[in-house]
Amino acid sequence: GDPCVHAAPPEPPATDDAPDEDLPVITLAMSDALVDGERVPGFDLDGVCTCETRPLTARAGAESCQPKAPACDYAGGIDNGVGKLLTSFADIYDFAELPRKQLETGRSNVVVQIFNYNGKANDKAVTVAFLQSDGIMTPSCPGSVQDPRTGSFTPGFCGDDAWTVRPESVVGNVPAVGGRGYVTNFHLVARINGTVDLPFSDSSGLGAPNPIIAGRLVPLGEDLAPRDPNLVPTGERALRLWAITDGVLAGRVPVESMLGAIGALRLSSVDGGEAPQICEQSSFPTVVSAVCGGVDIARSATGDFVPSGACDALSTGIPFEAKPAQLGDVYARPRLAGKCDTGTFVYRCP
């Protein structure tokens with residue numbers, strides 16, 4: 001009887017179209033991502049449509065934790081406090097475009113790998129892994145241009161871009177961050193164990209611990225245009241050519257992680273030159289006040305609806321697209337150390 005239709009990813013499929021078949025590993029790199037409160041992707045992470053007042057609403061529309069300020073959900077109970085927060089900074093900092101700039105310039109990325117997928121509309125058990133990349137150091141696509149300052153190349157998105165892998169992203173040859181999932185009518189859904197860092201700049205990333213990933217899997221032809229999924233291509237390269245559209249990375253970002261992601265930013269690092277990190281700038285106390293006042297969820301589901309439990313995280317739903325790619329060498333770009341780095345500066349709310 002709950003009148004609110006809770007936003008959630010598709011349910012697992014009832015049947016598996018080809019339980020004994022597996023494609024080669026599918027490797028994709030994010031081609032677009034945007035942290036924006038105007039586009040409202042995401043899911044109802046805490047099971048309540050906060051501020052919903054209609055009769056029979058789950059928990060009477062109450063907050064799942066005690067926020068600093070009223071924090072109503074979007075339609076369907078969608079939780080996206082990060083989008084609201086960063087959009088509110090638009091007059092000071094253009095945070096929304098930062099991930100897109102990192103991806104377009106090839107300076108950093110998030111690589112997604114899909115294992116044990118049958119290539120059909122429905123698969124009851126797949127594995128999804130995430131690897132962090134410090135860019136493309138060896139060009140594999142026409143049109144890639146080298147950045148003389150960092151040595152990285154812009155992506156050509158021809159299906160063969162070789163994105164490097166940070167050493168901490170693998171244990172031996174196995175991705176360190178991943179989780180189980182499924183495919184329902186070509187919609188991929190997985191719950192990830194570990195933290196996925198969406199790149200903000202060379203010095204900073206937004207870390208989402210244990211997020212949910214969802215998106216539509218699109219099979220591609222050799223021309224990288226969508227192909228008929230019923231026509232099975234031949235050749236290993238053709239089998240790995242897939243894309244993710246309408247992707248969403250959703251989760252809970254602890255408030256200290258949110259402060260660190262912003263505080264360590266060097267906003268000029270994409271365009272050339274180095275600027276002071278944000279935690280050194282006069283506007284940082286305003287940032288701290290806004291971030292700490294914007295908490296809207298507990299950092300773990302175990303903290304939902306704990307009596308008198310305070311919110312200590314921000315919910316997020318980040319839209320993304322991903323295109324076929326390959327893995328390059330294990331590589332970590334030398335970074336300019338700063339006083340605002342999260343291993344040096346202690347971030348906390350007053």
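Reckoned from all heavy atoms, side chains included, excluding hydrogens, waters and symmetry mates.
- Under the 4.5 Å side-chain contact rule for hydrophobic residues, V110 and V128 share a cluster.
- For the atom pair N193 CG and F130 CZ, the distance stands at 12.0 Å (nearest 0.5 Å).
- Defined by atom type and a distance below 3.5 Å, a donor-acceptor pair is present between the side-chain atoms of Q277 and D341.
- Residues P350 and V288 come closest through the heavy atom pair CD-CG1, 3.9 Å.
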Run the numbers on L327 and T164 for side chain to side chain contact (heavy atoms under 4.5 Å, CB included), then give the verdict.
CA-CA 6 Å; L327 293 185; T164 58; over 6 Å; no
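- Considering I26, L220, L28 as possible partners of L241, the one that fulfils the side chain to side chain contact (heavy atoms under 4.5 Å, CB included) test is L220.
- We find the CD1-CG distance between I262 and L86 to be 5.5 Å, quoted to the nearest 0.5 Å.
- No option in D73, T57, D79, D44 other than D73 meets the side-chain hydrogen bond (donor to acceptor under 3.5 Å, both in side chains) test with T50.
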Please determine whether side-chain hydrogen bond (donor to acceptor under 3.5 Å, both in side chains) holds for the pair N109 and S133, giving the CA-CA distance in whole Å, both sets of side-chain angles, and the decisive distance to 0.1 Å.
CA-CA 5 Å; N109 206 326; S133 174; over 6 Å; no
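- L85 and F284 fall within the same hydrophobic cluster, defined by Ile, Leu, Val, Met, Phe, Trp and Tyr side-chain heavy atoms under 4.5 Å apart, directly or through other members.
- Nearest heavy atom pair, residue A337 against residue R266, reads O-NH2, 3.6 Å.
- In this structure, T105 contributes its side chain and Q102 its backbone to a donor-acceptor pair below 3.5 Å.
- Placement of F115 and F186 in two distinct hydrophobic clusters is found when ILVMFWY residues are connected by side-chain heavy-atom separations under 4.5 Å, directly or transitively.
- One finds no salt bridge joining E321 and R216 here, because no Lys/Arg side-chain nitrogen approaches an Asp/Glu carboxylate oxygen to under 4.0 Å.
- A distance of 10.0 Å separates NZ of K68 from CG of D312, quoted to the nearest 0.5 Å.
- Taking 4.0 Å as the cut-off between side-chain N and carboxylate O, K101 and E104 do not count as a salt-bridged pair.
- Side-chain heavy atoms closer than 4.5 Å link hydrophobic residues (I, L, V, M, F, W, Y) into clusters, and following such links, even through other members, never connects V218 to V248.
- For the atom pair S204 OG and L98 CG, the distance stands at 8.5 Å (nearest 0.5 Å).
- Partner of V82 under the side chain to side chain contact (heavy atoms under 4.5 Å, CB included) criterion, out of T316, V291, I318, T87: T316 alone.
- Counting heavy atoms from C-beta on, the side chains of H6 and F43 never come closer than 4.5 Å.
- Environment of CG in D228: crowded, with over 12 heavy atoms of neighbouring residues, nucleotides or ligands closer than 6.0 Å.
- Checking S315 against D296 by side-chain atom types alone, a donor-acceptor pair falls below 3.5 Å.
- You'll find the side chain of F320 stays beyond 4.5 Å of the side chain of D32, heavy atoms only.
- Closest of all the heavy-atom pairs between K323 and S31 is CG-OG, 3.6 Å.
- Atom CZ of R333 has more than 12 heavy atoms from other residues, nucleotides or ligands within 6.0 Å.
- Here the side chains of V111 and V165 are not in contact, with every heavy-atom distance at 4.5 Å or above.
- Between atom SG of residue C311 and atom CD of residue E63 there is a gap of 7.5 Å, rounded to the nearest 0.5 Å.
- When all heavy atoms of C49 and G76 are compared, the closest pair comes out as SG-C, 3.9 Å.
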Start with the C-alpha gap between F345 and Y347, add the side-chain angles, then the distance that decides, and say whether ring-ring contact (aromatic ring centres under 6.0 Å, His included) holds.
CA-CA 6 Å; F345 192 91; Y347 290 96; 4.6 Å; yes
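- When all heavy atoms are compared, the tightest approach of Y182 to K124 is CB-O, 3.8 Å.
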Quick one, L314 with K84, criterion side chain to side chain contact (heavy atoms under 4.5 Å, CB included). Give me CA distance, side-chain angles, the key distance, then yes/no.
CA-CA 10 Å; L314 290 92; K84 291 179 183 178; over 6 Å; no
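- Nearest heavy atoms, A7 versus G42: CB-O, 4.2 Å.
- Considering D17, T184, T15 in turn, D17 is the only one that fulfils the side-chain hydrogen bond (donor to acceptor under 3.5 Å, both in side chains) rule with N122.
- A donor-acceptor pair shorter than 3.5 Å cannot be found between the side chains of D160 and S140.
- Within the 4.5 Å cutoff, no side-chain heavy atoms of R166 are placed close to those of L131.
- Side-chain atoms of D161 and F153, non-hydrogen and from C-beta on, never get closer than 4.5 Å to each other.
- When only modelled atom types and interatomic distance are considered, D16 and N118 share a side-chain donor-acceptor pair under 3.5 Å.
- Without hydrogens or angle criteria, E52 side chain to R54 main chain gives a donor-acceptor distance under 3.5 Å.
- Proximity of P24 to L239: side-chain heavy atoms (C-beta onward) are separated by under 4.5 Å at one or more points.
- A distance-only check finds no donor-acceptor pair linking the side chain of D329 to the backbone of Y331 [under 3.5 Å].
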Kindly indicate, with the supporting measurements, whether the criterion side-chain hydrogen bond (donor to acceptor under 3.5 Å, both in side chains) is fulfilled by T27 and R240.
CA-CA 7 Å; T27 300; R240 67 174 178 81; over 6 Å; no
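- Judged purely by atom type and a 3.5 angstrom limit, S257 has no side-chain atom pairing as donor or acceptor with the backbone of G207.
- Using a 4.5 Å heavy-atom cutoff, the side chains of P219 and P226 are not in contact.
- Surrounding CZ of R237 are more than 12 heavy atoms belonging to other residues, nucleotides or ligands, all under 6.0 Å away.
- A 6.0 Å sphere centred on CZ of R59 holds no more than 12 heavy atoms belonging to other residues, nucleotides or ligands.
- Here Q281 contributes atom CD and L265 contributes atom CG; the two are 9.5 Å apart, rounded to the nearest 0.5 Å.
- In this model, no donor atom of one side chain and acceptor atom of the other lie less than 3.5 Å apart for S300 and R252.
- When atom types are taken as modelled, the side chain of N210 and the backbone of G194 share a donor-acceptor pair closer than 3.5 angstrom.
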Start with the C-alpha gap between Y117 and D22, add the side-chain angles, then the distance that decides, and say whether side chain to side chain contact (heavy atoms under 4.5 Å, CB included) holds.
CA-CA 5 Å; Y117 174 42; D22 287 332; over 6 Å; no
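- Using a 4.5 Å heavy-atom cutoff, the side chains of Y74 and N80 are in contact.
- Cluster annotation: L23 is connected to V126 through the hydrophobic network of ILVMFWY side chains, with a link wherever side-chain heavy atoms come within less than 4.5 Å.
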Full working for side chain to side chain contact (heavy atoms under 4.5 Å, CB included) between C349 and V255:
CA-CA 8 Å; C349 291; V255 66; 3.5 Å; yes
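- Relative orientation of the F157 and W163 rings is tilted, given thresholds of 30° and 60° on the angle between their planes.
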